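This report refers to the structure that appears directly beneath it.
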2 protein chains.
Amino acid sequence: MEFTKDQSQGYLANHVARIFARGLTARIRPLGLTTGTFPALLELWETDGMTQKQLVAKLDIEQATMANTLARMERDGLIIRKKDASDGRVQRVWLTDRARALRGPATAAAMDENAASLACLTEDEQQQFTTLMQKIIAANRYRADSPSE
Amino acid sequence: MEFTKDQSQGYLANHVARIFARGLTARIRPLGLTTGTFPALLELWETDGMTQKQLVAKLDIEQATMANTLARMERDGLIIRKKDASDGRVQRVWLTDRARALRGPATAAAMDENAASLACLTEDEQQQFTTLMQKIIAANRYRADSPSE
DNA sequence: AGCACTTGCATAGCAAGCTATACAACAATA
DNA sequence: TATTGTTGTATAGCTTGCTATGCAAGTGCT
């Protein structure tokens, strides 16, 4: 069997991810947000004051990547980092007012982007697609979703 | 309806793409290859001597990204770029012997990675997943797959 | 021929991902 | 209580993606 890029799931996944990312980038630009901050914001909107380590585990992203992303977010006035009182190593991450105010418009933009990029699929297909990706992630992620701590 | 990352197709697509990329990165590292060069190599293994513009159209990647990727590939001895005789602006891209020799092992690595990351899905589900991604790409890519020239 | 327009590529600069490594703060133990 | 190990973050340096911009080579029109 020949190997062609248009049948390679790895290649297709990369392409699909770029499509979503390009769309979302454009939609959240007016808000002063970039895509990389989005996952962290989603977690923090749910639970403010998480540690960096908790964010890393939740998002299945390398610790170094998270540290860089948080540095940009702090620079851009989305978060502040404060040392934990009882453990001098841990940095707790707190949202600024600006970041809290962006929750509504940002999630609306993401929902719009999802709908737009998936408009070519039926409702059923969209659901299938979602479920399949969830399965792949569950089977392949580095870290457990809910670590012991 | 609440917006959660684990139901956002854009987020899931990014995560799935990272999973494939991490796996492939590890598999092709012994070959001295990186993931970014892979799409270009696949096209050139099929049709050597393409112009940069043709590659950009085929791969739905920004021209600047392609120029950078080709620069790295040239640095790493995978390609050479030669000006077209009849049009001084166009750069034709030619594979080196080293790159030609990598076709077998590299595509084998990609197939292995696809199989490994999708081992959690049935054959039917893998096919569904592939078809759904192809649909999304067809509906959302920037450029036509086969430009007029 | 000379001018503006277009086209193909390169460069600058940034975001977001990665690995490898350093380092300070805590924990455990001899 | 020192030493040794572990753990949480940070930093360095790379790839891969993007936008914006510059520039040289071709095209067309007068």
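By convention in this document, chain letters (A, B, ...) are assigned in the order of the sequence lines, proteins followed by strands, and residues within each chain are numbered from 1. Note that the structure is predicted; figures quoted are calculated from it, not measured.
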Requested in this report: Please report, rounded to the nearest Å, how far the C1' atom of D:dT9 is from the CE atom of A:Met73.
Outcome: 16 Å

Report task. Starting at atom NZ of B:Lys53, determine the distance to atom C1' of D:dA25, rounded to an integer number of angstrom. Result -> 14 Å

Requested in this report: Nearest-nucleotide wise, let me know which of B:Arg29 and A:Thr34 is further upstream toward the 5' end of DNA chain C.
Outcome: A:Thr34

Query - SB check A:Glu113 A:Arg22 (cutoff 4.0 Å) - result: no

Query raised in the report: Rounding to a whole Å, what distance do you find between B:Glu62:CD and C:dA15:C1'?
Result: 15 Å

Query - Heavy-atom check, side chain of B:Asn14 versus side chain of B:Tyr11, under 4.5 Å - result: no

**Report entry** B:Asp97 CG to B:Leu78 CG distance, which is reported to the nearest 0.5 Å
**Finding:** 12.0 Å

Query raised in the report: Sub-3.5 Å donor-acceptor pair from the side chain of B:Asn114 to the main-chain atoms of A:Ser8, do we have one?
Result: no

Report task. Just call it for B:Thr35: base, sugar-phosphate, or nothing, with non-hydrogen atoms closer than 4.0 Å on any strand. Result -> sugar-phosphate

Report task. Could you check how far CD1 of A:Ile61 sits from C1' of D:dT9, rounded to whole Å? Result -> 16 Å

**Report entry** Distance in angstrom units between A:Gln54 CD and D:dT7 C1', rounded
**Finding:** 14 Å

Requested in this report: Compare every heavy atom of A:Leu33 with every heavy atom of A:Ala106, then report the nearest pair and how far apart it is.
Outcome: CB-CD1, 3.8 Å

Query - A:Arg92 side-chain N/O to D:dG8 phosphate OP1/OP2 under 4.0 Å - result: no

Query raised in the report: Rounded to whole angstroms, how far apart are CD1 on B:Ile19 and P on C:dG17?
Result: 13 Å

Query raised in the report: Base, sugar-phosphate alone, or nothing: which one does A:Asn14 contact when heavy atoms must sit under 4.0 Å apart?
Result: sugar-phosphate

Query raised in the report: For B:Glu125, what residues pass the side chain to side chain contact (heavy atoms under 4.5 Å, CB included) criterion, not counting sequence neighbours?
Result: A:Leu132, A:Lys135, B:Leu121, B:Thr122

Requested in this report: Could you tell me whether the side chains of B:Gln127 and B:Thr131 share a donor-acceptor contact shorter than 3.5 Å?
Outcome: yes

Report summary line: Residues of residues 83-90 of chain B with a heavy atom under 4.0 Å from any atom of DNA chain C, listed by number, are B:Arg89, B:Val90

Requested in this report: Would you mind reading off the distance between B:Leu59 atom CG and D:dG17 atom C1', rounded to a whole angstrom?
Outcome: 13 Å

Query - Closest non-hydrogen atom pair between A:Gln126 and B:Gln9, with its separation - result: O-NE2, 4.3 Å

Just the atom pairs and distances: protein N or O near nucleotides 10-12 of chain D's N or O, under 3.5 Å.
| unit_1 | atom_1 | unit_2 | atom_2 | d |
| --- | --- | --- | --- | --- |
| D:dA10 | OP1 | A:Gln91 | NE2 | 2.9 |
| D:dA10 | OP2 | A:Gln52 | NE2 | 2.7 |
| D:dA10 | OP2 | A:Arg81 | NH1 | 3.0 |
| D:dA10 | N7 | A:Gln63 | NE2 | 2.7 |
| D:dA10 | N6 | A:Gln63 | OE1 | 2.9 |

Query raised in the report: Closer than 4.0 Å, any side-chain N/O of A:Arg22 to the OP1 or OP2 of D:dG17?
Result: no

Requested in this report: Please state how far atom CZ in A:Phe20 lies from atom C1' in C:dG17, giving the value in whole angstrom units.
Outcome: 19 Å

**Report entry** A:Phe20 side, atom CZ; B:Leu12 side, atom CG - distance, nearest 0.5 Å
**Finding:** 9.0 Å

Query raised in the report: Taking only N and O in the side chain of A:Arg18, is any of them less than 4.0 Å away from OP1 or OP2 of C:dG17?
Result: no

